[in-house]
K.L.:
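Structure incoming, see below.
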Amino acid sequence: MSKPDSTVEKVVEYTYGTWRFQKGWKPTHIVDAEGVYMTDANGKKYLDFSSQLMCSNLGHKNQALIKAIVDQAQKMPYINPGYSTDLRAKASEALVKVLPAGLEKVFYSTSGTEANEAALKIARMVSKPKGAYKVISRYTSYHGATAAAVACTGDPRRWFAEPTSKVDGTVFAPDCYCYRCPFNQKYPECGVTCAEYLDYMLKNEGNVAAMIVEPVVGTNGILVPVKEYLPRIREITEEHGVLLIADEVMSGWGRTGTWFAVDNWGVKPDILSTAKGCTGAYTPLGITATTKKIADYFQDNYFAHGHTYEAHPMSMAPLVPAIEEYKRLNLFENTKKLGVHTAKRLNELKERHPSIGDVRGIGLFWAVEIVKNRKTKKPFNTRIDKISGTPLMVDKVGAEMGKQGVICNTWISHFVIAPPLIINREQLDSGIDAMDEALKVADKEVEA
Ligand SMILES: Cc1ncc(COP(=O)(O)O)c(C=O)c1O
């Protein structure tokens with residue numbers, strides 16, 4: 001076989017494409033990214049309509065973040081996490097100020113997955129004296145790629161890791177997914193059964209250490225819970241002495257118009273995990289924050305966790321500038337304002353396109369779910385299609401958007417609209433206009 005020649009050929013030959021069959025992988029060659037745009041090797045410019053992997057909240061080439069990284073590289077690119085540094089002290093103090101009240105001590109890692117692994121391990125260590133180890137999660141969720149995080153992932157990416165270790169003891173609770181309610185009920189007459197059912201589970205399951213939730217479900221459909229849901233989940237977990245872990249890897253850092261999604265409902269988790277937007281994705285940083293009560297437990301109990309790259313100076317360098325940039329650029333106001341505009345525009349699209357089943361979101365975090373039959377809510381594709389390589393309708397529509405210079409992420413039956421929070425109204429409209437045009441492909445395939 002001849003040696004790979006082009007950049008794309010070499011990438012495909014020598015590296016794995018993630019969460020996919022390797023056959024047919026032909027990743028676009030990107031050479032530049034600035035603001036809300038990226039450019040390919042042919043000079044074609046694309047609007048980054050999903051902030052890469054819903055992580056580039058501050059857009060590309062933010063100079064304050066770049067400078068902090070360069071300065072840190074000059075000063076001290078690495079030091080053993082067993083030492084104190086000014087960076088670690090200053091960044092942690094600034095971080096605790098923006099975390100939901102009550103979260104007072106943090107552990108640093110280098111990804112969202114690791115942040116959740118730490119959260120789950122901490123929850124289990126703290127719960128060990130009472131023999132509790134199980135974790136409740138939900139089917140419509142993603143919590144990461146490694147053992148514990150993938151075991152409590154609800155989406156089909158978990159299937160490939162099974163059988164997961166028995167000690168994981170993961171149990172799945174119903175989703176707060178009103179468009180496809182697992183109880184086939186309607187809000188508010190439902191009495192928020194999806195939350196109430198947790199009480200039934202906890203009374204019967206036994207040995208539950210924690211429940212992990214994405215406060216606004218990300219990849220799996222931007223599910224914004226009804227207003228009673230999270231406060232009720234908090235109440236029930238508290239009543240049963242079960243820890244609540246908020247996975248804010250994607251929903252944090254202004255995505256919903258507040259520092260963290262739980263802030264929208266005033267809910268205080270015992271543990272919060274986050275990553276992505278904490279550095280605008282300029283460096284890989286994961287954060288696991290806990291209450292003082294949890295922190296106190298480890299005064300006289302061994303904190304059995306750590307990494308060589310814990311509190312890595314290069315990872316942490318852009319944390320303070322990122323916090324400052326979110327404030328200086330008034331990005332949460334922009335997010336809230338454009339969120340109202342997005343709602344209006346996407347609902348207009350829904351009126352025009354028979355293929356749109358549901359539109360939902362908050363801030364700059366939106367999903368457009370497409371269906372083959374609006375009346376029966378029959379989807380174009382299923383979870384099985386996703387993992388068996390069946391071409392998906394969302395990807396066909398996504399490809400049409402790509403031709404128009406807009407990159408929008410898709411997942412089974414929906415599009416994830418989550419642009420960098422620095423986007424302006426005109427840029428946002430151009431992305432929605434591209435979707436408007438591209439959806440004609442799906443409209444043609446709806447059942448009469
Ligand atoms: C809610 C949530 N949790 C955890 C993760 C895993 O984060 P990472 O890919 O950085 O490991 C993701 C990634 O998309 C996520 O969206």
Side-chain angles (χ1 to χ4, degrees), residues 16-20 50-57 107-123 135 137-158 160-161 170 172 175-177 210-225 230 244-256 260-262 269 271-289 307 309-310 312 315-316 318-319 322 361-367 386 408-412 414-418:
Y16 284 103
T18 55
W19 306 116
R20 57 165 299 124
S50 304
S51 303
Q52 304 300 304
L53 291 173
M54 291 66 86
C55 55
S56 300
N57 294 11
F107 171 83
Y108 295 105
S109 53
T110 53
S111 69
T113 296
E114 285 173 304
N116 281 331
E117 289 285 335
L120 295 161
K121 201 167 158 188
I122 289 170
V135 173
S137 182
R138 300 173 303 174
Y139 284 111
T140 312
S141 67
Y142 179 68
H143 295 294
T146 61
V150 82
C152 66
T153 283
D155 84 26
R157 281 173 282 188
R158 168 174 44 85
F160 297 91
T170 316
F172 289 90
D175 304 294
C176 185
Y177 185 1
M211 176 173 193
I212 184 166
V213 293
E214 291 173 73
V216 172
V217 173
T219 304
N220 281 277
I222 323 297
L223 305 181
V224 184
L230 284 172
L244 181 64
I245 304 171
D247 176 350
E248 296 248 16
V249 170
M250 195 180 282
S251 60
W253 303 97
R255 185 50 62 203
T256 68
F260 294 93
V262 285
I271 303 178
L272 183 146
S273 50
T274 191
K276 299 196 189 248
C278 62
T279 59
Y282 280 54
T283 58
L285 181 66
I287 296 167
T288 308
H307 301 292
Y309 294 160
E310 197 256 334
H312 193 294
S315 295
M316 290 184 62
L319 180 56
I362 179 171
L364 282 171
F365 205 24
W366 286 82
K386 173 74 186 170
C408 187
N409 295 358
T410 62
W411 184 251
I412 307 176
H414 59 265
F415 304 90
V416 178
I417 299 169

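Numbers here are sequence positions counted from 1. Counting starts at 1 for both ligands and their atoms, in listed order.
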K.L.:
Out of I212, L223, D175, which one pairs with R138 under the side chain to side chain contact (heavy atoms under 4.5 Å, CB included) rule?
P.N.:
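The side chain to side chain contact (heavy atoms under 4.5 Å, CB included) with R138 is passed solely by D175 among I212, L223, D175.
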K.L.:
For a quick check: using heavy atoms under 4.0 Å, what are the residues in contact with ligand 1, sorted by chain and number?
P.N.:
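S111, G112, T113, N116, Y142, H143, G144, E214, D247, V249, M250, K276.
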K.L.:
For S51, enumerate each residue passing the side-chain contact (heavy atoms from CB on, under 4.5 Å) test, keeping only those at least two apart in sequence or located in another chain.
P.N.:
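In terms of side-chain contact (heavy atoms from CB on, under 4.5 Å), with neighbours along the sequence ignored, S51 is linked to S56, R255, P420.
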K.L.:
Please say whether more than 12 non-hydrogen atoms of neighbouring residues, nucleotides or ligands are located less than 6.0 Å from OH in Y309.
P.N.:
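No, the 6.0 Å shell around OH holds no more than 12 heavy atoms from other groups.
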K.L.:
Is the ring pair Y142/W19 parallel, tilted or perpendicular, if the boundaries are 30 and 60 degrees?
P.N.:
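Y142 vs W19 ring planes: perpendicular.
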K.L.:
Determine the minimum heavy-atom distance between G112 and V249, stating which atoms define it.
P.N.:
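Result for this residue pair: CA-CG2, 3.7 Å.
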K.L.:
Do you know which of I245, D247, L120 makes side chain to side chain contact (heavy atoms under 4.5 Å, CB included) with C152?
P.N.:
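Checked I245, D247, L120 against C152; only one passes side chain to side chain contact (heavy atoms under 4.5 Å, CB included): L120.
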